[in-house]
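Predicted model only: the values in this text are computed from it and were never measured.
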Amino acid sequence: GGGKDAGGVANGHAHAAGAKRRAGGAHAREGAALDPAAKRSKTEAVSAERIPYFTALATFFSYGQLLVYGYVWDTLMYTVMGRKRDSSHQEGYAPLTRGFEDFYTRNLYHRIQDCWNRPICSAPGSWFEVVEREEPAVAGKRSWPPDLRPTGRNIHALNLGSYNYLGFAAEDEYCTPRVVGTLEARGAATCAPRAGGGTTSDHIELEKLIASYLGKEAAVTLGMGFATNSLIIPALVSKGCLVVSDSLNHNSIVKGCSGSGAKVVVFRHNEPDHLDRVLHRYIAEGQPRTGRPWKKVLVIVEGIYSMEGEVCKLAEIVAVKKKYRAYLYLDEAHSIGAVGPTGRGVAELCGVDTADIDIMMGTFTKSFGSCGGYIASSRAVVNHLRAHSPAHLYATAMSPPCVRQCIASLQVIMGEDGSTRGADKLKAIRDGANFLRKELTDHGCIVLGDEDSPVLPVMLFNPGKIPAFSRECLKRGVAVVVVGFPACPLLLSRVRLCVSAAHTRKDLEHAAAVLKEVADLVGVRYGATDQAKLLEAGETVPLEDHAKAQ
């Protein structure tokens, strides 16, 4: 996967004090009638928050075994045998990497690193070519860390890892000719920031189009999705401001909040009631030590949470933010263009007027098959960001061909290409995601998230099942993204499946058959009848207890 959530990259939630790990569980409660989260069944909600004791104990035991083996290995190699440690620093220098992180990388990640960073050598369509890699043995010895090298062969695999939600990343009959034409006319890059000669008429056209599409006064585009959060938030809030952030918000939001200087507090994931209590408390208390009123209060949530596949309870959150006259910042990286009857994101899906959302953020790296991000808001806010955000002032502008890709794909979604392809794609991704979710759930897998979400996290729990699931799927020609600690809480390892409108029903039937076969082989049917009985009997361990300190 690309964009903000590159496979294996930790997207933990760290506020104010530094890099805390992602915390909290999936707190599913009944939402508003229009909220897709309200469709979540009681069994699914319980399964998302709790696992059987045996599974939890086996997971802890597996991690403990790996840690003990790692410490024994380090002692033998570096203390007893005197082997020189392959580290990031020279002798006499302080280490550049922190001790435990270096240990964890060497002894846990390196053992299964073939499951990530897999190169591809084709467009990321519904099927693509994965470069086969292996670790060559030199004189009968194996290198450490493993040195994976291409074998010269490719694996033709079904793509369930890319965020190519609407299928625009591969060749498109409408988009591709226009992108090629822009490349020939304007070149590959502007080689300048937006404020210093990097703005073209294409950038202006895209900003007007995205603002019109979302019903906002103005928009500004940036060259990187991650930077859209990390460099825009500090331009909106500063010392004396209060930021209230969902506990499972993306790392780009975390970095933006940390660099803003504002007071940052979190509320339990997707719980509007807890958001209400947090706002009430901190607004009543005021700023630390002085008790003065906050300069401004900003609530930050995501439309679809990329590791959970859950849809934000937007209607209730908007009601809470109005109650306390707070501003709302909505990250629609995974929802814009992918959900809603006309692809206008979670606001359309939940029946919320975009006028009630003060700042709308999104990226072009998922549904639009391009790169970069945008902020849509009032004209005054957008003008302020143009004058104060480093992402606009100093970073290189979006490549003109990428800008044209965004414009062309938006025109297809809006039906301005003179066809119904946009509507057909939206229906295809919705039906495909719901089909695959039902197939896996009926088979006994625990699939997190809500209906209509193109992100389907399937729980693995045990760390030994992370490489097993990934490798067995690839053997059968299905490429998936697996996620483990520290990218998610210790007990919540998972495989994250992304459905695309480019997937045909035959593709998804094939995917379901392979995933079921691998689920049986690896043993991840935690939602099967026998496990469901354990859950109903209460023989479970709350995941949130183990995630609080991470």
Side-chain angles (χ1 to χ4, degrees), residues 1 3 34 36 39 122-128 158-180 206 209-210 212-215 303-304 309 311 332-351 354 362-370 374 402 404-440 449-456 478 497-512:
L34 288 172
K39 302 177 184 178
S122 68
S126 56
W127 291 79
F128 61 0
L158 181 64
N159 182 7
L160 291 180
S162 299
Y163 302 132
N164 185 23
Y165 293 146
L166 295 186
F168 286 119
E171 184 176 359
D172 183 83
E173 62 187 69
Y174 183 83
C175 300
T176 304
R178 287 160 176 78
V179 172
V180 172
L206 175 59
L209 186 61
I210 197 72
S212 172
Y213 182 62
L214 296 174
I304 291 180
V311 175
E332 289 220 82
H334 288 268
S335 54
I336 188 65
V339 298
T342 61
R344 285 174 167 81
V346 72
E348 183 181 47
L349 183 66
C350 297
T354 56
T363 65
F364 300 118
T365 56
K366 282 82 176 176
S367 298
F368 305 100
S370 186
Y374 68 84
C402 293
R404 180 52 56 183
Q405 170 69 26
C406 298
I407 295 172
S409 57
L410 258 173
Q411 289 172 337
V412 173
I413 295 170
M414 298 168 71
E416 293 183 2
D417 65 329
S419 74
T420 61
R421 291 177 61 231
D424 294 342
K425 285 176 176 289
L426 289 165
K427 183 178 185 302
I429 189 173
R430 181 174 61 251
D431 293 346
N434 291 338
F435 166 79
L436 189 58
R437 179 181 298 277
K438 185 177 186 304
E439 287 290 310
L440 296 176
D450 298 311
E451 290 186 12
D452 296 348
S453 170
V455 182
L456 286 73
V478 175
L497 310 174
C498 293
V499 176
S500 169
H503 290 136
T504 65
R505 181 51 60 92
K506 186 177 180 180
D507 290 338
L508 294 175
E509 288 173 352
H510 172 69

Closest contact, heavy atoms only, S126 versus A502: CB-O, 3.6 Å

Are the side chain of N159 and the backbone of G125 linked by a donor-acceptor contact shorter than 3.5 Å? yes

Okay, side chain of H503, backbone of A428: is any donor-acceptor separation there less than 3.5 Å? no

Side chain to side chain donor-acceptor pair (under 3.5 Å) filter on S453, not counting sequence neighbours, yields none

So how far is it from Q411 CD to S409 OG, rounded to the nearest 0.5 Å? 8.5 Å

The reported gap from CG in L410 to CD1 in I407 (rounded to nearest 0.5 angstrom) is 8.5 Å

Determine yes or no for a side-chain-to-main-chain donor-acceptor pair under 3.5 angstrom, with H510 supplying the side chain and D507 the backbone. no

Whether the side chain of T354 engages the backbone of L214 through a donor-acceptor N/O pair (distance < 3.5 Å, no angle test) should be reported. yes

Over 60° means perpendicular and under 30° means parallel, so classify the ring planes of H334 and Y163, tilted if in between. perpendicular

Atom pair CG (N434) and CG (D452), whose distance is rounded to the nearest 0.5 Å: 5.0 Å

Output for pair (L206 CG, Y374 OH), nearest 0.5 Å, gives 10.5 Å

Test your reading of the model: is there a side-chain donor-acceptor pair from S162 to the backbone of N164, 3.5 Å cut-off? no

Give a yes or no on whether the backbone of F368 and the side-chain of Q405 come within a donor-acceptor separation of less than 3.5 Å. yes

Closest heavy-atom pair and its distance - V499, Y165: O-CD2, 3.6 Å

With sequence neighbours left out, the residues meeting side-chain contact (heavy atoms from CB on, under 4.5 Å) with K427 are R430, D431

Scanning both residues in full, the closest heavy-atom pair of P177 with Y174 reads CD-O, 3.7 Å

What residues, two or more places apart in sequence or in another chain, satisfy side-chain contact (heavy atoms from CB on, under 4.5 Å) together with S212? none

I'd like to check the side-chain contact (heavy atoms from CB on, under 4.5 Å) partners of T176; sequence neighbours left out, ordered by chain and number. E171, D172, V180

Strictly distance-based, threshold 3.5 Å: is any side-chain N or O of Y213 a donor or acceptor partner for the main-chain N or O of M414? no

Sequence-distant partners of S122, side chain to side chain donor-acceptor pair (under 3.5 Å), two or more places apart: none

What pairs with S335 under side-chain contact (heavy atoms from CB on, under 4.5 Å), at least two apart in sequence or on another chain? I304, E332, V339, V346

Please report the closest heavy-atom contact between G432 and L508, naming both atoms and the distance. CA-CD1, 3.3 Å

For D450 versus V311, what's the shortest heavy-atom pair and its separation? OD2-N, 2.7 Å

Any sub-3.5 Å donor-acceptor pair from K425's side-chain atoms to L166's backbone N or O? yes

Smallest heavy-atom separation, P454 atom then I429 atom, equals CB-CD1, 3.7 Å

